[in-house]
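See structure below.
In what follows, chains carry the letters A, B, and so on, assigned in the order in which the sequence lines appear, proteins first and then strands, with residues in each chain numbered from 1.
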There are 2 protein chains.
Amino acid sequence: MASVIGESGVREGQVVAELEKPVHCEFRTDPSRYRHWRLTFDGPVATLTMDVDENGGLVPGYELKLNSYDLGVDIEMYDAVQRLRFEHPEVRTVVVTGGKEKVFCAGANIRMLAASAHWWKVNFCKFTNETRNGIEDASAHSGQTWVAALNGTASGGGYELALACEHIMLVDDRSSVVSLPELPLLGVLPGTGGLTRVVDKRHVRRDLADYFSTKSEGVGGKRAVQWKLVDEAVPRGSWEETVSRRAAEFAAGSDRPADASGIELPELAKERTDGHIGYRYVEASLDRARGVVEITLRGPDSGAPVDLAAVHAQGAAFWTLALTRELDDLILDLRINETDLGTWVIRTRGDAAHVLSYDALLLENSDDWLVREITLYLKRTLKRLDVTSRSIIALIDPGSCFAGFLLETALAADRSFHLSGVFEEVDPDAEPATITVGPMNLGPLPMGNGITRLATRFYGDPDALAAAEKSKGVPLVAQDAERLGLITFAPDDIDWDEEVRIAVEERVSFSPDALTGLEANYRFAGPETVETKIFGRLSAWQNWIFYRPNASGPDGALRKYGTGQRADFDKKRV
Amino acid sequence: MASVIGESGVREGQVVAELEKPVHCEFRTDPSRYRHWRLTFDGPVATLTMDVDENGGLVPGYELKLNSYDLGVDIEMYDAVQRLRFEHPEVRTVVVTGGKEKVFCAGANIRMLAASAHWWKVNFCKFTNETRNGIEDASAHSGQTWVAALNGTASGGGYELALACEHIMLVDDRSSVVSLPELPLLGVLPGTGGLTRVVDKRHVRRDLADYFSTKSEGVGGKRAVQWKLVDEAVPRGSWEETVSRRAAEFAAGSDRPADASGIELPELAKERTDGHIGYRYVEASLDRARGVVEITLRGPDSGAPVDLAAVHAQGAAFWTLALTRELDDLILDLRINETDLGTWVIRTRGDAAHVLSYDALLLENSDDWLVREITLYLKRTLKRLDVTSRSIIALIDPGSCFAGFLLETALAADRSFHLSGVFEEVDPDAEPATITVGPMNLGPLPMGNGITRLATRFYGDPDALAAAEKSKGVPLVAQDAERLGLITFAPDDIDWDEEVRIAVEERVSFSPDALTGLEANYRFAGPETVETKIFGRLSAWQNWIFYRPNASGPDGALRKYGTGQRADFDKKRV
């Protein structure tokens, strides 16, 4: 796969299904470059207005009519979500509304979906899901409540965006409705959390939900309220006033500071060549021959700054935040641009004590809004790793710093290798590699299933969990880490190369699909939440449906939509 | 689809993928007809020995070597599970073991899987899952503990069968192992609960589980115990003695009666033609033109017998048990033989008071072993309905008896219609149809998610749940049932035909795949359990993987297995 990025941002060899132009995706953007959203501010209330540029599709071949969206639209929205949290501490309510007449948002663009390859659809849905989960996270944990002000019809993904908000207002004008027309019109599911949130979050009765999801014309007005599909239906006459009032009410309940200054999120410095992606603290080496990405996360150059003021002063340069932004961008880049590199090998380099001092500074100041945002962002980024369909192998060797927050990446891995002793021929005097459990591993960074990676690892084994937690603060050499069950294998110098090589080569030789399914099951032992149900139950079914001829075949519903012809279904129930 | 059953039990027009012979499946069997299992008894211990007849495949085209199984083998096992519970109250431990040398069971037959159509594979896995869940149900609730005595290697589905047992013993002979080789050898998942039970039930650490599931040669001996893959590894010298001792220990803890007589489960009387399936209390009319099955469940002819002795005396003729057996067989028959009939319409006929009197008799005698078995079987059969990939519509009209246990079928439906008033032109003097919540709806029949259908229906709405529960014993006409949220719609005489017709026709017009996904999401609001994770997360991923070319394409791993050629994988990670 040729992969030199041309000036147009387009890379050869990567074709999105039938769409003509290949595409390379970058996730870095900022409001000055938005084509689809307007972000305005009024004291504690920000308004994010969706006003999609019909001709601004990420890939040529479709028009983004009726505020429908593609990945490009969602990349901008993700950027807005992030900036609202970091750059605008004063914002306590975010009102998301539409900039078109009559329609709020028509959901994901159907022609884009119909023309896209399977892997692109799945990737697109995963990212949109993550962004919507991030919106819920803001309402739940950041004191920044999202309100959906549906000033027109919200269908499909448009309604699913609303479902991710804390409060849904629908204009009551006898024509505006909410709807999930995916099943009747397209033969697929509302796969961006729709089915799960309708019953599991909003508690719509399952039979009404079923009816609603087969009725392409949707439900509006009082009935939508009665069925709990929206929280209120507001006449057009009092729309503006009611939206403002509601926004102010939610703002009043927030603990975000009124007088703080946000920190700027400057564009990430990133070097990208065919074989290498480099940032300040993160780098990745792309080994196309082996199908492997070698990722290195670098610890801070020194201990944490002395106080909270320094965190604010450093802002985006503060190590934890800087590294998290880089890791986030790397995950997104690799997921969509490097689908053939199925195994990620993660290493760390640096001083564990420094890493732990950064963690400690964050935990000591957890009531500060910025510290809270950094920690929540860390949590979200690690969750992104958990749902990434790549095999992850962590290598713990001398010079590494898998401690506290960085240890989470090893705990997120499918397998880890911890060198017992040192590489005698390389550096016989090196300190043997250690890992250290820190307070950051004991609660602040739960997985999507609501429990920590340690608790998931030792699910059903409270003694092992307690022993691992009790090791807090103690650097553990390989034998100790193995005994505590914190790493998978502890080969010595003599076996290391061979064991690691075999593990990676084996992984690369397996069916990528089966690995994805295996990992999606084993990574989520224990409880399920709305979030894990979305990525587990809902997305897995959607992936199956997306791949079936009834949806994506030449006569499938996705392909036939808008042609005036009906889909020709194989009636067999599987 | 022609569907006259010939004398050979083979029906024209139904082809299992590339396998040459079409097949019609019957699930009725008995030990005298078993080809693959031996059932022996020794006081409180029964031994179920798997000894598969290589040439006894359900469909020609493969040999069932190494105790591998197909649907036919599993149909016999399901029969054994049922008979052990009803016919053998004295059995407190069931030891499942193998009748071959060296190998306990090699899992599902690979050539059968490779040659089977997608719908067949999915159906097969669903049934095997249900049977294994039934085994767990026996250990948990019937005082009949299942012990896996692995007298040789248990791989894939063989190990998954063991995972469904309460206790796993593996012979420690340096060659016998447990393994899940599906991923490395076949490019699919261990889809009969394997992945879920390894981490969520047996609490194997996720990274060890990952390693284990990629290592086709498996794990045996002490390591298997250490990793919690089995409970004990027993040397061959003390094998028989230890298995006997363990069986006796589990038997000692059981509350099953030592001196009771079992009841016989005679072959179900069943009439089956192209358009009709009839039993004593259940009948189904197959409307191939519309793609609909009209199912009628008949209430008892009179009130319940006066006492427990009569329940035992009536045995399999006792209405609740008789109807449940018939419904169970009907579900299984329709699921595998009538895949094109995607919508099931359920009606009841009879006297609600009679139904409730049967429920009452069961609940008053819930500490009786037989009553317990009947109630547990009821629960399992309703669960089977929940995971059935057919749209279910309940029609509540005059003459119906949706009360207590029969009301569960309406609560399991995706949608229900309750006639408001009566059919004026048919019988103006009829009593308007009512439904009645009974004690059987309030706990004894939980869904796979661990809560009742009522609690699932009103998930997140405790007030509505309480109001519905409070209506216990009160016959509710349509308006009352609608107000309480117990039914979906309450059309009157004038609208009934049209509304029902549209609902059914619409359903039939939609993508069968999307409906399956929709229903699998909406039916399981609320908590998740090992059981729902198996049917949700695990099965949905498996279905996707089964359908992908990396598994089932001409160069996929399932097809290439045993050919000496390697599968040619599309390396793209989706």
Side-chain angles (χ1 to χ4, degrees), chain A residues 118-119 122 183-184 187-189 195-196 199-200 203 205-207 209-211 213-214 291 339-340 342 389-390 414-416 457 459-461 485 488 506 510-514 516-518 520-523 525 528 536-538 540-545 547-548 550-551 557 569 571-574, chain B residues 118-119 122 183-184 187-189 195-196 199-200 203 205-207 209-211 213-214 291 339-340 342 389-390 414-416 457 459-461 485 488 506 510-514 516-518 520-523 525 528 536-538 540-545 547-548 550-551 557 569 571-574:
Chain A
H118 183 63
W119 67 270
V122 172
L183 184 139
V188 299
L189 301 184
L195 297 186
T196 312
V199 289
D200 278 290
H203 307 137
R205 224 173 61 212
R206 54 164 283 208
D207 56 338
D210 178 286
Y211 176 75
S213 307
T214 61
T339 51
D340 281 16
S389 60
R390 301 292 188 280
D414 300 296
R415 228 176 268 183
S416 56
R457 186 175 188 84
Y459 180 66
D461 191 347
T488 318
E506 253 188 16
F510 294 143
S511 159
D513 303 330
T516 294
L518 183 89
N521 280 277
Y522 279 159
R523 290 178 186 172
E528 298 260 355
R537 188 179 275 275
L538 177 57
W541 278 112
Q542 176 77 311
N543 290 356
W544 176 73
I545 292 162
Y547 203 65
R548 299 268 296 162
N550 280 341
F569 293 131
K571 287 291 183 191
K572 201 176 261 79
R573 273 293 192 120
V574 173
Chain B
H118 183 63
W119 68 270
V122 172
L183 185 139
V188 299
L189 301 184
L195 298 186
T196 311
V199 290
D200 278 289
H203 307 136
R205 227 174 60 211
R206 55 164 283 208
D207 56 337
D210 178 285
Y211 175 75
S213 307
T214 61
T339 51
D340 281 17
S389 60
R390 301 292 187 280
D414 300 298
R415 227 176 270 182
S416 56
R457 186 174 187 84
Y459 180 66
D461 191 346
T488 318
E506 253 188 18
F510 295 142
S511 159
D513 304 330
T516 294
L518 183 87
N521 279 276
Y522 278 159
R523 290 178 187 172
E528 299 259 357
R537 186 180 277 275
L538 177 57
W541 278 112
Q542 176 77 311
N543 290 356
W544 176 73
I545 293 162
Y547 204 66
R548 299 268 297 162
N550 280 342
F569 293 130
K571 287 292 183 190
K572 203 176 260 80
R573 272 291 192 122
V574 173

>> Counting heavy-atom pairs under 4.5 Å with chain B, which one of A:Ala514, A:Gly536, A:Pro184 comes out on top?
In response: A:Ala514
> Under the side chain to side chain donor-acceptor pair (under 3.5 Å) test, which residues partner A:Arg573, sequence neighbours left out?
Replying inline: B:Ser391, B:Thr516, B:Glu519
> Can you check whether A:Asp414 reaches B:Arg206 side chain to side chain, under 4.5 Å on heavy atoms?
Replying inline: yes
> Counting heavy-atom pairs under 4.5 Å to chain B, which of A:His203, A:Arg415, A:Arg537 comes out on top?
Replying inline: A:Arg537
> Is a side-chain N or O of B:Ser389 found less than 3.5 angstrom from the main chain of A:Val574, in a donor-acceptor match?
Replying inline: yes
> Top residue by heavy-atom pair count (under 4.5 Å) with chain B, among A:Asn521, A:Val199, A:Val122?
Replying inline: A:Asn521
>> Is any side-chain heavy atom of A:Phe569 closer than 4.5 Å to one of B:Asp513?
In response: no
> Heavy-atom distance under 4.5 Å to chain B: side chain of A:Ala209, backbone, both or neither?
Replying inline: both
> Going through the distances and angles, do B:Trp541 and A:Asn543 end up as a side chain to side chain contact (heavy atoms under 4.5 Å, CB included)?
Replying inline: CA-CA 8 Å; B:Trp541 278 112; A:Asn543 290 356; 3.5 Å; yes
>> I'd like to verify something: which residue of A:Asn550, A:Leu195, A:Val188 has the highest number of heavy-atom pairs under 4.5 Å with chain B?
In response: A:Leu195
> To the nearest 0.5 Å, what is the distance between CG (A:Asp340) and NZ (B:Lys571)?
Replying inline: 9.5 Å
>> Can you tell me how far apart CG (B:Asp210) and OG1 (A:Thr488) are? Round to the nearest 0.5 Å.
In response: 8.0 Å
>> Using a strict threshold of under 4.0 Å (side-chain N to carboxylate O), is an ion pair present between B:Arg457 and A:Asp207?
In response: yes
> Which atom pair, heavy atoms only, marks the closest approach of A:Ala540 to B:Ala540?
Replying inline: CB-CB, 3.6 Å
> What residues, two or more places apart in sequence or in another chain, satisfy side chain to side chain donor-acceptor pair (under 3.5 Å) together with A:Tyr459?
Replying inline: none
>> Return the CG to CD distance between B:Leu183 and A:Glu506, rounded to the nearest 0.5 Å.
In response: 10.0 Å
> So, for A:Gly517 and B:Ile545, which heavy atoms are closest and what is the spacing to 0.1 Å?
Replying inline: CA-CD1, 3.9 Å
>> When you measure from the centre of the six-membered ring of B:Tyr547, is the NZ or CZ of A:Arg548 closer than 6.0 Å and no more than 45° off the axis?
In response: yes
>> Using a 4.5 angstrom heavy-atom cutoff, name the option from B:Ala525, B:Ala551, B:Pro512, B:Gly460 with the most pairs to chain A.
In response: B:Pro512
> Looking at A:Leu538, A:Asp461, A:Thr196, which makes the most heavy-atom pairs under 4.5 Å with chain B?
Replying inline: A:Leu538
